[in-house]
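For ligands, and for the atoms within them, numbers begin at 1 and follow the listed sequence.
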Amino acid sequence: MPYKSRSKSTELQILKTLNTRMSLSNKDKQHYFNLKKGYEGEVIFDLLTEKLQSECFILNDLLLKLNNTIFQIDSLIINSEAIYLFEVKNFEGDYYYESDRLYKKPKTEINNPLNQLIRNESLLRQLLQNLGFTIPIYSSVVFINPEFTLYQTPLNKPFIFPTQVNRYLEKLNTIPSKLNRKHKRLADKLISLHIKDSPFKLLPPYDYDQLQKGLPCVKCTSFTISIEGKKCVCKECGHEEIVATAVMRNVKEFKLLFPNRKITTNVIHEWCKEVKSKKRIRTILKKNFKIVGVHQWSFYEEETNQ
Ligand SMILES: [Zn+2]
């Protein structure tokens with residue numbers, strides 16, 4: 001079990017919703033697919049590190065700040081000997097390495113992940129120093145996609161290739177490790193410094209009016225659903241979802257897209273327009289509002305004038 005688990009970034013969640021409800025430019029679409037792919041690769045790596053049996057703290061996805069520099073760590077493992085820092089890349093296809101640069105074949109230069117790794121390691125080391133911890137850091141770039149090939153890789157680069165990930169982790173697993181209070185303090189400290197919502201989001205401008213209203217199918221994102229009793233049924237793929245679940249899922253999306261707008265029956269009735277009855281929307285909101293308490297739904301307001 002990771003000591004800190006990974007969740008989808010707000011940026012990725014918003015882009016996913018926007019991609020369903022409006023037509024994104026090719027550039028934004030590409031950015032969305034890159035984020036999505038990166039996230040999927042990280043999750044695959046998480047599933048592997050989760051299997052480690054030796055005593056360690058696994059911290060997935062940390063966004064940290066040193067002075068005024070924000071840096072992101074995909075995955076970090078603390079055992080009693082060291083900190084292992086991983087930059088996970090889900091690149092797919094044929095790439096080659098030349099003069100410390102990385103190219104996708106035939107000849108597109110992409111950012112060399114080593115530069116990011118070196119920067120992250122340096123920032124982390126300084127941060128640890130400031131916090132009074134001295135522990136060695138070993139960092140590596142993990143290429144997680146089995147369809148990835150890197151030609152001309154020098155032997156001395158800290159790369160872990162898809163064919164090496166399992167062996168690397170098995171080796172890590174055999175290192176004797178006994179965690180103590182100091183390690184826990186370090187792990188807790190890093191988690192407490194984690195910035196939950198990245199200030200850097202690359203999002204296209206969007207406004208309420210331009211977005212498609214309705215309940216998209218949770219499985220295939222089609223808007224052609226029909227409401228049959230308690231269920232929404234997708235006419236495209238046949239997937240069924242409980243109406244109340246679908247509405248609350250879309251309320252969450254609405255909140256994500258428009259954090260400053262109030263959640264009211266009228267607003268959600270329009271947003272989830274397949275649900276024809278306003279009363280039904282009000283019942284769903286009221287019920288969930290009660291369950292999760294005032295804090296999370298501080299924007300929910302009951303309308304009295306209807
Ligand atoms: Zn569907």
> Do Lys89 and Phe148 meet the cation-pi criteria used here (NZ or CZ under 6.0 Å from the six-membered ring centre, within 45° of the axis)?
Replying inline: no

> Protein N/O/S atoms under 2.8 Å of the Zn ion (ligand 1)?
Replying inline: Cys217 SG, Cys220 SG, Cys234 SG, Cys237 SG

> In Å, rounded to the nearest 0.5 Å, how long is the span from NE2 of His183 to CG of Asp188?
Replying inline: 13.0 Å

Give the table of side-chain donor-acceptor pairs shorter than 3.5 Å for residues 60-71, with sequence neighbours excluded, one pair per line with atom names and distance.
from, atom 1, to, atom 2, distance (Å)
Asn60, OD1, Ser75, OG, 3.3
Asp61, OD1, Gln72, NE2, 3.2

> Should Lys231 and Glu241 count as an ion pair when the cut-off is N to O under 4.0 Å?
Replying inline: no

>> Using a 4.5 Å cut-off between side-chain heavy atoms of Ile, Leu, Val, Met, Phe, Trp and Tyr, which other residues end up in the same hydrophobic cluster as Leu52?
In response: Ile44, Phe45, Leu48, Ile58, Ile77, Tyr84, Phe86, Val88, Tyr138, Val142, Ile144, Ile160, Val165, Tyr168, Leu169, Leu172, Ile175

>> Among residues at least two apart in sequence or on other chains, which ones pass ring pair (Phe, Tyr, Trp, His ring centres under 6.0 Å) with Tyr103?
In response: Tyr96

